[in-house]
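This report concerns only the one structure given below.
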Amino acid sequence: MPAASNPILRYQIGIAFASVSALFSASAIAAQPSKGASAVLAVLETSDLHSNVVGYDYYKLLDEPSIGFDRTATLIRQARKEFANTLLLDNGDTIQGTAFADYQALVAPPKCGEVLGIYKIMNALGYEGATVGNHEFNYGLPFLNQITGSSFKVKDVQAGAKPCAGPKFPIVLANIQSLQTKQPLFAPYRILDKKIVATGANGKPVEITVKVGIIGFTPPDIMSWDKRWLDGRVTPLDIRATAEKYIPEMKKKGADLVVVLGHAGLDDSPYSAKMENTNWHLAKVPGVDVVLMGHAHQLFPNKDSTVGQFNLPGVDKVRGLVNGVPAVMPSQWGKHLGVVQLHLKYDGKAWTVDKDKTVVQARSTQTGPKTFVEPDAEVRALVKAEHEATIAYVKTPIGATQFRMSSYFADVGDPSAIEVVNRAQAGYVANYVKANLPQYANLPVLSVSAPFKGGFPTAADFTDVPAGDLALNNAADLYLFPNSLYAVKVDGAGLKAWLETAAGRFNTIDPKQSAQQELVNSRFPSFNFDTITSPDVSYEIDVTRAPGDRIRNLQYRGKAVDAKQEFLVATNNYRASGGGGFPGLDGRNVVLASPDNNRDILIEYVRNAKQLTRKEHGSARSWKFARVETAGPVVFRSAPGLVDLAKEAGLTNVSQLKEDDGGGKGMALYAVDLSK
């Protein structure tokens, strides 16, 4: 195919031509800068792309413009037009996170001579370096070895005659070493000879080479998160000590600048070798010029951020500085591009960073309330085949259900769309505790989940998975949000307080009132109505009492729950970290912060169960309303014509009053008899 008709080739030639033109227009006169020379080098960062290669939700089978590497590519292209000198780097969690990634890793892995889809894009965009996030290890070391074009010397990785195809840029990681060789799994650092156009002391452009050292770090927690893949094969090293070892070595080898690719957030706690978020401490290591952050899926700098890690001593969330060092975190899924505009000066011996002039930004793909930059068409074309194959993949069955799972009557007790989620979460936590947390082995494991789709804003907003085959996209209907599974330790008093807060879903009902009363508090989101669905737990919700005093007869295995009795409760990162304002849930009692998201855990559970039945997966109703006679009807709203579905769920106290409630949202008006 001629270049003129090949958009990808045109794109790559365009990058190369622009670079060559810039060099020729620079009128290079000297290889060494003179004292007083200056330059601006824009360090561009992507992080936590999680294989969101295009703006598409593979679970909902819909375009999703708020995410996608194809739109980040547009920001990269814009930055290259704005700045004469750019350095493009990635901070990890790149190859995992979507059905696209699972398809390439588990269903149709690339052959040795083929490049992974997201790396094809990164190669075309001209990435110059990257590090490894914790999720790179999720598919195992043999897969990671192949797709990164590496030659790992670790147990169970077959040594090839030569490395397979991989990215065209170096991947660095300093703190994970092979147990077999006692050497880093990847190169710990790399010094890049970066050609840039500077302004000489005489005001004229000059082409010079700046040596930029890049070094990478990933959380040591990978040894727990991916124990099955890593145990007995690799070991983590002390991150700060490793930085203090290699950065002077990088400087000695001529690095003018040192960029830390720290796949972590910030934590100013006393330093520990097991610390997950180490960048606050890394910024204090002498010789560090820039810290590129990730892992936490947050936005930095951000003057309005209320996130605790960005309100620590030494952190300037407005200018983007951590202990005086320029730092950036571009959230997740390709929503932002980190840009650190380094203003460099040459003092006759070395390049220094003028921090007063340096500007740090996290540029968004979103341009307005519902508008976004256009996706890069060439990038989409690169992975067209993989994208279409993934869509076909998510439509294939992962199991089956003998009953209809829905949230139409979750507010009055139907657990059909909730119990399978709770079973999956509780099973995951129980297995993890058995393998990794023996100190909690004697604590009961419970799980809470909520009806994520509860009729807001219309009758179309309910979970509804029909009986029959279950596909991957059905999992998104059962678990709407891309949360990560967390487990917290609570006592009986804390568990009751949790359920009391969830019971805020209901209005207070006056039994003596003859007029119609609304059961559901429309200001209370359905996703905050956490419920337990376990045969071991039972409790009542008395809606005639004020919020905070509604939970009655809370029992575990037939005995009243003692206020000091301890439990592990499976939930999600949103709830465990304070989302929804539940008392006692602020992140301090988390015992497991899983690297796996709740939806993936649900999918794996369904795959293993193969066939879901109502008896095993949709009938464990832990809660019921405390019985009370009311003088007038107690009403709620749901989609019309579904009384028989309520009866199938065992709800014989539900009746439909009006097929159309008159609200214009397609809802019917139902009544629930609280005396039954």
| Looking at M293 and P330, what are the two nearest heavy atoms and their distance? | O-CD, 3.8 Å

| message | Would you say NZ of K155 has more than 12 non-hydrogen atoms from neighbouring residues, nucleotides or ligands within 6.0 angstrom? | response | yes

| field | Single hit among H135, Q332, H297, H295 for side chain to side chain donor-acceptor pair (under 3.5 Å) with D48 | value | H297

| query | Do you know which two heavy atoms are closest between Y139 and Q96, and how far apart they sit? | reply | OH-CG, 3.7 Å

| request: Look at K251 together with D289 and state whether they make a salt bridge at an N to O cut-off of under 4.0 Å. | output: yes

| query | What do you reckon, are the aromatic ring centroids of H336 and F300 less than 6.0 Å apart? | reply | no

| query | Which atom pair, heavy atoms only, marks the closest approach of L88 to L125? | reply | CD2-O, 3.8 Å

| query | What residue among V259, V290, I171 forms side chain to side chain contact (heavy atoms under 4.5 Å, CB included) with I214? | reply | V259

| With a 4.0 Å cut-off, would you call R71 and D376 a salt bridge? | no

| Does atom CZ of R363 have more than 12 heavy-atom neighbours from other groups under 6.0 Å away? | yes

| task | Report yes if the distance between the aromatic ring centroids of Y486 and Y574 is under 6.0 Å, otherwise no. | result | no

| message | Is a donor from one side chain sitting under 3.5 angstrom from an acceptor on the other, for T46 and D90? | response | yes

